[in-house]
Amino acid sequence: QVQLAESGGGLVQPGGSLKLSCAASGNVFSINTMGWYRQGPGEQRELVAGYRNGQPNYTDSAKGRFTISRDSAKNIMYLQMNSLKPEDTGVYYCDATTIYGPHYWGQGTQVTVSS
C-alpha cells in the first residue's frame, strides 16, 4: 500500500505562483514513477508533469512555467507553478505507479487562478 497526500493549493491571481507538495508513505520502496495530474472544469484528468527514466517531463502548456522536483530522503515530490493562468485552474492530483502495476492517487488539491 502507498498513501499520497497533496497540499499547497489555493486561490491565486493570474501571474502568481503556487508550490504543491505530495508526501508519499507506506511501501515507498515499491514506487516506480510519480507525477502530477490536473483535472479542470469539464475536462478529463491529464498529466501535467512527471518523471520518466529519472528525468522530468512536462506537457506543452506547462513547459517554461512549471518545475517538478523531489526530495528522495523525505519521499516528497513538488510542483512549482509560476506565471499561473486561469486555464491552470483545476484539481491537482499526485500519482504514483508501483512495481505491482496499479496507480495510486492522492485526494487532490484545488488550484484556482482568478482575479
Next item on the list: Show your working on side chain to side chain donor-acceptor pair (under 3.5 Å) between Q80 and N82 and close with a plain yes or no.
Entry: CA-CA 7 Å; Q80 177 67 50; N82 299 323; 3.0 Å; yes
Check: Could you go step by step and tell me if T97 and N32 meet the side chain to side chain donor-acceptor pair (under 3.5 Å) rule?
Finding: CA-CA 5 Å; T97 62; N32 277 341; 5.0 Å; no
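Checked by atom type and distance alone, the side chain of T89 never pairs as donor or acceptor with a backbone atom of T112 at under 3.5 Å. Checking side-chain atoms of E46 against main-chain N and O of R38 turns up no donor-acceptor pair under 3.5 Å. A donor-acceptor distance shorter than 3.5 angstrom exists from the side chain of Q107 to the backbone of E6, with no hydrogens or angles considered.
Evaluation of the disulfide (SG to SG under 2.5 Å) test over residues 31-70, restricted to residues two or more places apart or in two chains, returns none. Counting only residues at least two apart or on different chains, the disulfide (SG to SG under 2.5 Å) pairs with a member in residues 13-115 are C22-C94.
Applying the salt bridge (Lys or Arg N to Asp or Glu O under 4.0 Å) test to E87 and every residue at least two apart in sequence or in another chain returns nothing. For the salt bridge (Lys or Arg N to Asp or Glu O under 4.0 Å) test, no residue two or more places apart in sequence or in another chain qualifies with R45.
Salt bridge annotation for D88-R65: present, with a cationic side-chain nitrogen under 4.0 angstrom from a carboxylate oxygen. At a threshold of 4.0 Å, the pair K63-D60 counts as salt-bridged, since one of the basic side-chain nitrogens sits closer than that to a carboxylate oxygen.
In this structure, S17 and S83 approach most closely via the heavy-atom pair OG-N, 4.3 Å.
Atoms CG and CD, on N75 and Q3 in that order, are 12.0 Å from each other to the nearest 0.5 Å.
Atom CD of Q44 has 12 or fewer neighbouring heavy atoms from other residues, nucleotides or ligands inside a 6.0 Å radius.
Taking Ile, Leu, Val, Met, Phe, Trp and Tyr as members and joining any whose side-chain heavy atoms lie under 4.5 Å apart, directly or through other members, the hydrophobic cluster of L4 also contains V2, V12, L18, L20, V28, F29, I31, M34, W36, V48, Y51, Y58, F66, I68, M77, L79, M81, L84, Y92, Y104, V111, V113. Y37 forms part of a hydrophobic cluster together with L47, V91, Y93, W105, judged by ILVMFWY side-chain heavy-atom separations under 4.5 Å.
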